[in-house]
Amino acid sequence: MNDLKVLILDDESRITEKLKYHLEKRKFKVFTANTPNDGFAILEKERPGVLILDVMLPGMNGLDILKKVKAEYPNLEIIMISGYGDMDMVIEAMRQGASDFIRKPFQIMDIQLAIERTEKFLMMQSKLEAAENRGVLVSKELEGMIEKDFVGESKQIKTVLKMALKAAEDGDVNVLVTGENGTGKEIISRIIHFGSPRKKQVFAPVNSSAIPESLLESEFFGHVKGAFTDARDEKKGYFELANKGTLFLDEIADMPYALQAKLLRAIEENRIKRVGSNKEIPVDVRIISATNKNIEELINEKQFRIDLFHRINTIEINIPPLRERPEDLRPLLEHFVTSIAKKKGKKAPQISMALVNKLKSYRFPGNVRELRNMVERAMILSDNTSLLPEDFPLRGEDTSNAAHAINGNLNLDENEMQLIEAALKETDFNQTRAATLLGISRDALKRKIKKFGIEITKGLGE
């Protein structure tokens, strides 16, 4: 079905041969090379559409090869692979024109999907037109860029998408995306970036709560050599790396108060100073922020700056939780069943109406992410040709709204605490598994455990 030529350039022959074997089974025409010179010769003779390029090669750095190849073959799609990539390397590769970056060790499916995301592949399938599947809301072109579909039929989710595409038209306006965990805040943020005039530039996602506080200023603004004990070399920060592109600040409400003032200055003046330097560096960065918290409450508690709040939310987009848009359940189920079946090489099961009705009465604390985990679990464990209600065990199995208002108690914190305790007990206090059950990240779970003062049995929970 595919006449797309693929060149694999990696100094490890076992990798090139393994990839060649699997990709040829998927009907790609595959060439391999283990040295840059051999790779250049094949490029000249065969003119492939996709190059899979290792970063570490004998005699020449993969990033230098990337730059040279893009200059000579500007329409060539390049997928970088490396076992040593840090965020600086990833962003530099994308700025030099790479279409994707995959870290070793990888699965064959990772490479296949990366190829299928390239423009060359998409153009061979069709002329990048509006999606035809039920409930898919974004174009195939945009879908390929964001790496994820945006699915739903509800009026609420269509309104969210309309706002995101409107915000995307202006490449400079700052956007704040709010919503519970698992609702798709990063997907919406990617839609805004890749639907904007900045789409050819870097989209740099940063988790504001995952960086140690002592390194925050250096990570955002960079540092010069000798600025502090471990500053052995100069380093660009996120603002410089994302120049001309978009900086996505996830969980911005968790950013330390002291850093907020410096972030505000950088946004207002479009200039930054590296740690240890007095030199101002001009930057052109669009800010998209996301949070699951009520920032206005944090402002009242003196934990978030009101001037920064007004600067980052010129447009605010709120994504409603899944329980408030039950019309989206069936199209989401169909989408996840189809994509997971394709990924696992299985036949997609049917979806029973009884299952849809059961899930409509569930509150989904983990939202769309939780639903996807449920579908994947059911497809692994079930041998049926249809997904049935019994394939989707729910917490307590009493899924009515009243059941989640435990003993008639509607206090959100108290019920959230009980759900967390139940998930921890069910997983023998394994925090990673408990977070998966709850549909949240492990970092988010750890913050909630600290917030509610939940005791973890010593020696467990890792």
Side-chain angles (χ1 to χ4, degrees), residues 135 137-138 146-154 156-157 159-161 164 176-192 205 207-210 248-254 288-295 316-337 339-340 359-379 392-395 399 401 404 412-413 415-420 422-424 426-427 431-449 451:
L137 299 176
V138 298
I146 66 174
E147 304 180 13
K148 295 183 181 179
D149 300 9
F150 195 67
V151 177
E153 294 182 341
S154 66
Q156 300 101 306
I157 212 66
T159 299
V160 167
L161 179 67
L176 175 64
V177 186
T178 60
E180 296 179 5
N181 283 320
T183 50
K185 295 188 291 295
E186 183 168 346
I187 297 177
I188 282 292
S189 301
R190 288 181 179 273
I191 287 173
I192 295 170
N207 188 324
S208 305
S209 66
F248 172 58
L249 303 178
D250 197 10
E251 302 200 47
I252 192 170
D254 295 329
I288 302 178
S289 310
T291 183
N292 61 0
K293 295 182 178 179
N294 186 325
I295 293 187
E316 181 172 345
I317 299 175
N318 178 258
I319 308 176
L322 183 56
R323 61 182 171 273
E324 293 180 6
R325 41 189 177 96
E327 313 95 294
D328 292 337
L329 269 171
R330 178 133 205 145
L332 281 166
L333 280 168
E334 291 173 347
H335 168 66
F336 290 142
V337 165
S339 62
I340 292 170
L359 294 179
K360 281 184 177 179
S361 62
Y362 181 57
R363 290 189 61 79
F364 283 100
N367 290 289
V368 177
R369 186 187 296 132
E370 182 182 14
L371 176 62
R372 191 195 189 287
N373 291 340
M374 285 180 170
V375 173
E376 186 165 19
R377 175 186 181 279
M379 290 180 65
F392 284 67
L394 306 175
R395 299 185 192 102
T399 59
N401 289 349
H404 286 270
L412 180 61
D413 277 353
N415 286 310
E416 186 178 19
M417 178 178 176
Q418 291 188 39
L419 281 172
I420 291 170
L424 287 167
E426 187 171 330
T427 58
Q431 293 180 32
T432 301
R433 289 169 54 208
T436 299
L437 277 179
L438 292 165
I440 60 178
S441 67
R442 188 171 183 271
D443 286 340
L445 176 60
K446 291 174 73 174
R447 290 195 299 274
K448 290 178 184 295
I449 289 172
K451 171 184 175 182

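Since the structure is predicted, the reported quantities are computational estimates derived from the model, not experimental observations.
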Enquirer: Which residues pass the side-chain contact (heavy atoms from CB on, under 4.5 Å) test with Asn294, sequence neighbours left out?
Expert: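 Partners of Asn294 by the side-chain contact (heavy atoms from CB on, under 4.5 Å) criterion, ordered by chain and then number, come out as Glu296, Glu297.
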
Enquirer: Would you mind reporting whether Val151 and Glu334 have side-chain heavy atoms less than 4.5 Å apart?
Expert: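 Of all side-chain heavy-atom pairs linking Val151 with Glu334, none is under 4.5 Å.
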
Enquirer: Listed by chain and number, what are the side-chain hydrogen bond (donor to acceptor under 3.5 Å, both in side chains) partners of Glu376, not counting sequence neighbours?
Expert: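 Here the qualifying residues are Lys344, Arg372.
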
Enquirer: Within this structure, what is the NZ-CG distance for the pair Lys448 and Leu445, rounded to the nearest 0.5 Å?
Expert: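 With rounding to 0.5 Å, NZ (Lys448) is 9.0 Å from CG (Leu445).
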
Enquirer: Rounded to the nearest 0.5 Å, what separation is found between the CG atom of Leu161 and the CD1 atom of Ile317?
Expert: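 One gets 9.5 Å once the value is rounded to the nearest 0.5 Å.
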
Enquirer: Please report the interatomic distance CD1(Ile295) to CD1(Ile252), rounded to the nearest 0.5 Å.
Expert: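 So the CD1 of Ile295 and the CD1 of Ile252 are separated by 6.5 Å.
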
Enquirer: Please enumerate all residues that pass side-chain hydrogen bond (donor to acceptor under 3.5 Å, both in side chains) together with Asp328, with sequence neighbours excluded.
Expert: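 Residues passing side-chain hydrogen bond (donor to acceptor under 3.5 Å, both in side chains) with Asp328: Ser154, Arg325.
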
Enquirer: Of all residues at least two apart in sequence or in a different chain, which pass the side-chain contact (heavy atoms from CB on, under 4.5 Å) check with Asn367?
Expert: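 In terms of side-chain contact (heavy atoms from CB on, under 4.5 Å), with neighbours along the sequence ignored, Asn367 is linked to Glu180, Thr183, Pro321, Leu322.
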
Enquirer: What I'd like to find out is whether the side chain of Tyr362 reaches to under 4.5 Å of the side chain of Leu371, using heavy atoms alone.
Expert: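 No, side chains not in contact.
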
Enquirer: Among all residues two or more places apart in sequence or in another chain, which pass the side-chain hydrogen bond (donor to acceptor under 3.5 Å, both in side chains) test with Thr178?
Expert: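 Partners of Thr178 under the side-chain hydrogen bond (donor to acceptor under 3.5 Å, both in side chains) test: Asn318.
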
Enquirer: If the condition is salt bridge (charged side-chain N to carboxylate O under 4.0 Å, His left out), which residues does Arg447 pass it with, not counting sequence neighbours?
Expert: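 With sequence neighbours excluded, Arg447 shows a salt bridge (charged side-chain N to carboxylate O under 4.0 Å, His left out) to Glu251, Asp254, given in chain and number order.
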
Enquirer: With a 3.5 Å distance limit and no angle check, can you tell me whether Gln156 reaches the backbone of Glu324 through a side-chain donor-acceptor pair?
Expert: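 Here the side-chain-to-backbone pair exists.
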
Enquirer: If we only count heavy atoms from C-beta on, is the Val160 to Pro320 side-chain gap below 4.5 Å?
Expert: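 Val160 reaches Pro320 side chain to side chain.
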
Enquirer: I'd like to know whether Phe248 forms a side-chain contact (heavy atoms from CB on, under 4.5 Å) with Val177, so could you lay out the CA-CA distance, the side-chain angles of the two residues, the decisive distance to 0.1 Å, and finally the verdict.
Expert: CA-CA 10 Å; Phe248 172 58; Val177 186; 5.7 Å; no

Enquirer: If you look at every heavy atom in Leu424 and Ala434, which pair is closest and at what distance?
Expert: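 Closest approach of Leu424 to Ala434: CD2-CB, 3.9 Å.
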
